[in-house]
Amino acid sequence: MKSKNSRLQTLRMLISSQELCCQDDVLKALAKEGYVVTQATLSRDMKQLKVAKATSLGGKYFYVLPNETMYKRVASPKRAAEMLLTSGFMSINFSGNMGVIKTRPGYASSLAYNIDNSGLSSIIGTIAGDDTIFIVVKEGVMNSEVIDELKNVIPDIK
């Protein structure tokens, strides 16, 4: 049996990457990922994640995670299991002692969490959105040093 935390992470990925319009769509998407749950369990999970409904530009309703009413959708989404195997990293840019890491939609929060909990000496802290992470770098630390330390957290970084 898969754990609740794993199911919730998969549910986050599914909602982040697909336009799921009703609970039946969500149940089917979860089943494809190996999670067969009841509608009642799904309702509790969605309440815990504070899932809401938003309207697309075409007027269609779909589920979103908090603060994602203008969510960027992926044209051809991967399965949630595949998405959990990648860091989602896309790019990093610096300006002074600040940096911006761009990720695929839905990846920034978990990646920022990993950065914050890795004990990196070059980064003071992070703020994450949906696909962007703002990092504050310690004074006097070279960008190359930051990237070298981040390689332990983000294998895709170059």
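When a residue number appears, it is its place in the shown sequence, counting from 1.
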Trainee: Under the rule for salt bridge (Lys or Arg N to Asp or Glu O under 4.0 Å), what residues qualify as partners of D25, not counting sequence neighbours?
Mentor: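 Listed in chain order: nothing, the list is empty.
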Trainee: Minimum heavy-atom separation for Q18 to A29, with atom names?
Mentor: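 In terms of heavy atoms, the two residues are closest at OE1-CB, 4.3 Å.
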Trainee: Please indicate whether Y113 has more than 12 foreign heavy atoms, meaning atoms of other residues, nucleotides or ligands, lying under 6.0 Å from its OH.
Mentor: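 Atom OH in Y113 is not packed in, count stays at 12 or less.
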Trainee: In the structure I gave you, are the side-chain heavy atoms of K138 and N97 within less than 4.5 Å of one another anywhere?
Mentor: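 A side-chain contact under 4.5 Å is absent here.
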Trainee: What pairs with T41 under side-chain contact (heavy atoms from CB on, under 4.5 Å), at least two apart in sequence or on another chain?
Mentor: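 Applying side-chain contact (heavy atoms from CB on, under 4.5 Å) to T41 gives R7, V37, T38, R44, D45.
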Trainee: So, do L42 and L11 sit near enough that their side-chain heavy atoms are less than 4.5 Å apart?
Mentor: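 A side-chain contact exists here, since the closest heavy-atom pair is under 4.5 Å.
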Trainee: D24: which residues meet the side-chain contact (heavy atoms from CB on, under 4.5 Å) condition with it, sequence neighbours left out?
Mentor: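 Residues passing side-chain contact (heavy atoms from CB on, under 4.5 Å) with D24: C22, K28.
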Trainee: Side chains of I147 and F94: does their closest heavy-atom pair fall under 4.5 Å?
Mentor: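 Side-chain contact under 4.5 Å: yes.
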Trainee: Under 4.5 Å between side-chain heavy atoms, chaining through other members, with only Ile, Leu, Val, Met, Phe, Trp and Tyr counted: pull out the rest of the cluster around V136, sorted by chain and number.
Mentor: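 Hydrophobic cluster check, V136: joined to M98, I124, I127, F134.
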Trainee: Hey, could you give me each pair passing salt bridge (charged side-chain N to carboxylate O under 4.0 Å, His left out) that has a residue in residues 90-101? Not counting sequence neighbours.
Mentor: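 Listed by first then second residue: nothing to list.
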Trainee: Just jot down the side-chain contact (heavy atoms from CB on, under 4.5 Å) partners of S122, sequence neighbours excluded, or say none.
Mentor: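 With sequence neighbours excluded, S122 shows a side-chain contact (heavy atoms from CB on, under 4.5 Å) to V141, V146, E149, given in chain and number order.
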Trainee: E33 versus M13: any side-chain heavy-atom pair under 4.5 Å?
Mentor: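 A side-chain contact is absent here, since even the closest heavy-atom pair is not under 4.5 Å.
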Trainee: With a 4.5 Å limit on heavy-atom distance, are the side chains of I101 and L150 in contact?
Mentor: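 Answer yes - side chains close enough.
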Trainee: Are any of the side-chain heavy atoms of S43 and K47 separated by less than 4.5 Å?
Mentor: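 Contact flag for S43/K47 side chains = no.
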